[in-house]
2 protein chains.
Amino acid sequence: MLPDIYELVDTMLKEERQQTILSEVELHNRILLTDIAETLDVSIDTIRRDVKELDAENKLRKVHGGAVSLGFTMNSTRNQNIYKLEEKNKIAEKALTLLKPGSVIFIDGGTTCSELARLIPQNLDITCFTHSLPVASELLTKPNVNVIIVGGQVSSESQTTIGANAIHNLSEIKVDYSFIGTGYVDSFYGLTEFDWDIVQVKKAVIKCSKKTVLLSISEKLNSQHRYKTCDINAINTMITELDPENELLNSFRNHDIRIL
Amino acid sequence: MLPDIYELVDTMLKEERQQTILSEVELHNRILLTDIAETLDVSIDTIRRDVKELDAENKLRKVHGGAVSLGFTMNSTRNQNIYKLEEKNKIAEKALTLLKPGSVIFIDGGTTCSELARLIPQNLDITCFTHSLPVASELLTKPNVNVIIVGGQVSSESQTTIGANAIHNLSEIKVDYSFIGTGYVDSFYGLTEFDWDIVQVKKAVIKCSKKTVLLSISEKLNSQHRYKTCDINAINTMITELDPENELLNSFRNHDIRIL
DNA sequence: TAGAATCATGCAAATATAGGCAAGGATTGG
DNA sequence: CCAATCCTTGCCTATATTTGCATGATTCTA
């Protein structure tokens with residue numbers, strides 16, 4: 001707890017008290033309102049009001065029963081210029097309609113999936129696995145989302161975990177929906193990638209999902225590459241920014257895919 | 001007219017009075033209007049008006065019931081940076097000397113550890129485990145660092161993975177050095193934390209390390225909290241921003257700890 | 001799901017503030 | 001020297017802020 005030095009002061013200005021609170025939060029990352037109240041010898045209400053003010057001033061973050069330092073949660077790097085952001089936004093919006101309270105989902109890496117993570121409503125109560133650092137960071141801003149990161153070696157390129165460990169960890173979970181992106185998609189060749197490691201992880205993701213949802217901008221339709229993730233049938237729902245009736249999607253209709 | 005001798009003695013010029021107020025504020029960082037009024041034997045209104053003027057001249061800051069020095073409130077703008085960044089930087093620099101090419105290490109969460117991650121040289125070839133998202137992000141900028149993130153549920157407060165899964169994952173690795181922070185440290189009570197979950201993870205980290213290095217700013221010395229991570233003996237090396245010979249570290253010398 | 005802890009809200013007492021006012025003293029111009 | 005004026009100061013009153021307590025609502029936890 002706090003050193004007893006502070007107790008010597010019997011009349012404290014509000015300003016001083018708030019500075020003390022700030023220092024304690026910065027120092028220990030987190031404090032209890034009750035601790036501070038006891039140490040500074042004021043009522044819990046006063047501390048609560050102080051912390052509320054400091055929170056409003058963005059000096060710290062108030063949490064139930066205490067306060068945490070901002071330095072911790074300072075999570076800035078939001079990339080402003082994502083390629084085709086508008087389209088990806090549209091896709092993410094459609095994907096959101098699939099989410100129900102209590103769902104357990106997996107979200108893949110990539111900008112489209114990050115966009116989905118960003119748009120998840122604050123009050124939606126879900127459990128979300130991911131192997132993407134940016135997605136995890138984004139989800140951490142949602143108080144009602146339970147975030148679980150799939151451990152493993154981190155690929156600096158994709159900012160996602162890959163490799164045997166990640167795949168093994170995925171083998172031990174089962175999610176309702178997985179939302180995945182892909183490098184290339186074609187109605188005949190299925191989902192393909194440039195990178196072999198990424199393919200292995202995506203295979204594991206699909207295997208651990210009851211339903212797999214593909215998020216892809218229409219620009220990727222009818223393209224292919226070296227390594228295959230899965231047949232197109234492995235996808236249960238496919239979301240593009242296009243209207244579901246758009247003729248560009250025709251070649252995907254014969255398969256058992258729901259198109260949104 | 002009567003001689004004004006007496007009045008001259010206890011009549012203070014406005015200028016003089018304001019100077020006194022200023023010195024008092026500088027000396028004590030804060031003053032109460034009532035205190036000053038009593039000391040200088042003028043009405044509270046006069047002092048209030050003085051302080052108001054001084055505030056307008058930016059000589060101090062007036063607050064409800066008193067005034068605080070400008071330097072005192074300067075702290076409020078520090079939120080841009082990390083609290084005590086300079087000290088943490090110094091600590092990180094010292095920690096760096098322990099790293100050798102080929103090392104396998106673990107880096108904990110927290111701002112001090114993030115600072116260490118930031119300062120790892122580009123060309124240093126190491127394998128680094130972490131359960132902290134910010135640390136992982138930082139390390140990803142180093143091409144020669146192999147980053148492995150310990151999977152598990154992510155705590156939004158600390159931006160680290162916690163819980164049974166993270167602990168289990170830690171149980172399956174062994175690292176040469178772990179660099180850990182702590183909320184509170186005391187030579188008698190050892191390392192303690194506010195948060196029970198964090199303690200469990202730190203215990204697991206210590207268990208999977210051949211050597212454990214504690215990074216802590218001196219401000220945390222001789223503080224304690226509710227949950228215990230480990231005895232002070234569990235620490236092999238302790239790094240603060242202080243000179244190793246500093247007397248503040250005396251109480252840690254009887255233990256088998258290397259102090260840097 | 002129940003009990004405990006924490007929270008938001010309203011209230012009242014104590015204290016602090018702002019602004020008006022008047023009594024000096026100081027200053028200035030004749 | 002006098003008088004008009006300004007500045008400073010203390011006092012007063014209406015208003016605002018701060019704080020602790022009581023209350024019921026909400027959230028957390030086991």
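Each chain gets a letter, A, B and so on, in the order its sequence line appears, and its residues count up from 1.
Looking at S155(B) and S158(B), their side chains do bring a donor and an acceptor atom within 3.5 Å of each other.
Between F106(B) and H131(B), the ring-plane angle classifies as tilted under the 30° and 60° cut-offs.
When rounded to the nearest whole Å, the span between CD of E53(A) and C1' of dT17(D) equals 11 Å. If you take CD1 of I31(B) and C1' of dA16(C), they are 14 Å apart, rounded to a whole angstrom. Rounded to whole Å, the distance from CD1 on I44(A) to C1' on dA22(D) is 16 Å. Nucleotide dT15(C) holds its C1' atom 18 Å from the CE atom of M12(A), rounded to whole Å. K14(A) places its NZ atom 12 Å from the C1' atom of dA16(D), with the value rounded to the nearest Å. Atom P of nucleotide dT6(C) and atom CD of E38(A) are separated by 12 Å, given to the nearest angstrom. Spacing between atom CG of L13(A) and atom C1' of dT17(D) amounts to 13 Å, rounded to whole angstrom units. Regarding W196(B), its CH2 atom lies at a distance of 13 Å from the C1' atom of dT29(D), rounded to whole Å.
One finds a salt bridge joining E16(A) and R30(B) here, because a Lys/Arg side-chain nitrogen approaches an Asp/Glu carboxylate oxygen to under 4.0 Å. Contact check on E53(A) versus K14(A) returns a salt bridge, with a Lys/Arg side-chain nitrogen under 4.0 Å from an Asp/Glu carboxylate oxygen. A salt bridge links K202(B) with D108(B): the closest approach of a Lys/Arg side-chain nitrogen to an acidic carboxylate oxygen falls below 4.0 angstrom.
Donor-acceptor pairing under 3.5 Å, judged by distance alone, is absent between the side chain of D45(A) and the base of dC7(C). In the interface, the side chain of R49(A) is paired with the base of dG20(D) through a donor and an acceptor atom under 3.5 Å apart.
The residue V51(B) sits apart from the nucleic acid: no heavy atom pair falls under 4.0 Å.
Of the candidate nucleotides dA8(C), dT17(C), dT9(D), dT17(C) has the atom nearest to the side chain of R48(B). When the nucleotides dT6(C), dT9(D), dT18(D) are ranked by their closest atom to the side chain of H64(B), dT18(D) comes out on top.
The shortest distance between the side-chain N/O atoms of K52(A) and the OP1/OP2 oxygens of dC7(C) is not below 4.0 Å. An OP1 or OP2 oxygen of dT17(C) is reached within less than 4.0 angstrom by a side-chain nitrogen or oxygen of K62(B).
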